[in-house]
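Heavy atoms only: backbone and side chains are in, while hydrogens, waters and symmetry mates are out.
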Amino acid sequence: MTHWYLIAFVIGAVLALAIIKRAGLVSAAKARILLQRNSRVVDVRTPQEFNARRLPGAVNIPVDQLATQAPKHFPDLQQIILLHCLSGTRSAMARSHLRRMGYTNVYNLGSFARAKRILEG
C-alpha cells in the first residue's frame, strides 16, 4: 500500500515542476513584440553549450554569473531581457534572480528550441 503514496508523491513533484517552469514563460506573441523593441536575448547556459550552438544575436551570461555580469551588460534596470537555456529551467531561475536584482522587464523564453522558434517566426 505504501508504494502508492510514493508514486503519488513523484507524480505530484513532476507536475509541480512542470507548472512552475511553464508559469514564467512569456507567450510567443508577446515575445515577438518585445523583440521589435530594444530587447536583448540572453542565453544562460554554460559557455560550452553556447559555443556548440547559439541563437543569432544572443549574449551568453551563464546563470551562475548573473550577479556580476548582468549589471555590466545591462546597467539599465528597465532593459527588456529575454532569457533562454536548454530546457527552460535555468532561464526560469535566472528570471527570478534578475527580478530580485531589480530588473523589471525580464521574460523567460524557455527552452533553446522554443526560443529558436520564436526568434525565427
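- Considering only residues two or more places apart in sequence or on other chains, Arg90 meets the side-chain hydrogen bond (donor to acceptor under 3.5 Å, both in side chains) condition with Glu49.
- When hydrophobic clusters are built by joining Ile, Leu, Val, Met, Phe, Trp and Tyr residues whose side-chain heavy atoms come closer than 4.5 Å, directly or via intermediates, Val26 is not grouped with Leu86.
- Contacts of Arg99 classified as side-chain hydrogen bond (donor to acceptor under 3.5 Å, both in side chains), with partners at least two apart in sequence or in another chain: none.
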Quiz prompt | side chain to side chain contact (heavy atoms under 4.5 Å, CB included) assessment of Leu83 paired with Leu98 | solution = CA-CA 10 Å; Leu83 304 161; Leu98 288 171; 4.0 Å; yes
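- Under the 4.5 Å side-chain heavy-atom criterion for grouping Ile, Leu, Val, Met, Phe, Trp and Tyr, Leu34 is connected to Leu109 within one hydrophobic cluster.
- With sequence neighbours left out, the salt bridge (charged side-chain N to carboxylate O under 4.0 Å, His left out) criterion links Lys30 to no other residue.
- Listed by first then second residue, pairs satisfying salt bridge (charged side-chain N to carboxylate O under 4.0 Å, His left out) with a partner in residues 33-48 read Asp43-Arg45, not counting sequence neighbours.
- Taking CZ from Arg32 and OG from Ser27, the interatomic distance works out to 9.0 Å, rounded to the nearest 0.5 Å.
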Which donor-acceptor pairs under 3.5 Å do side chains of residues 62-81 form with protein atoms, sequence neighbours excluded?
unit_1 : atom_1 : unit_2 : atom_2 : d
Thr68  : OG1    : Gln65  : O      : 3.2
Asp76  : OD1    : Gln78  : N      : 2.9
Gln79  : NE2    : Asn38  : O      : 2.6

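- Under the 4.5 Å side-chain heavy-atom criterion for Ile, Leu, Val, Met, Phe, Trp and Tyr, Leu35 and Val59 are members of distinct hydrophobic clusters.
- With values rounded to the nearest 0.5 angstrom, Thr46 atom OG1 is found 7.5 Å from Asn60 atom CG.
- With a 4.5 Å cut-off on side-chain heavy atoms, Leu82 and Leu119 do not count as touching.
- Sorted by first then second residue, the ring pair (Phe, Tyr, Trp, His ring centres under 6.0 Å) pairs that include residues 83-121, not counting sequence neighbours, are His84-Phe112.
- When all heavy atoms of Ser91 and Cys85 are compared, the pair lying nearest together is N-SG, 3.4 Å.
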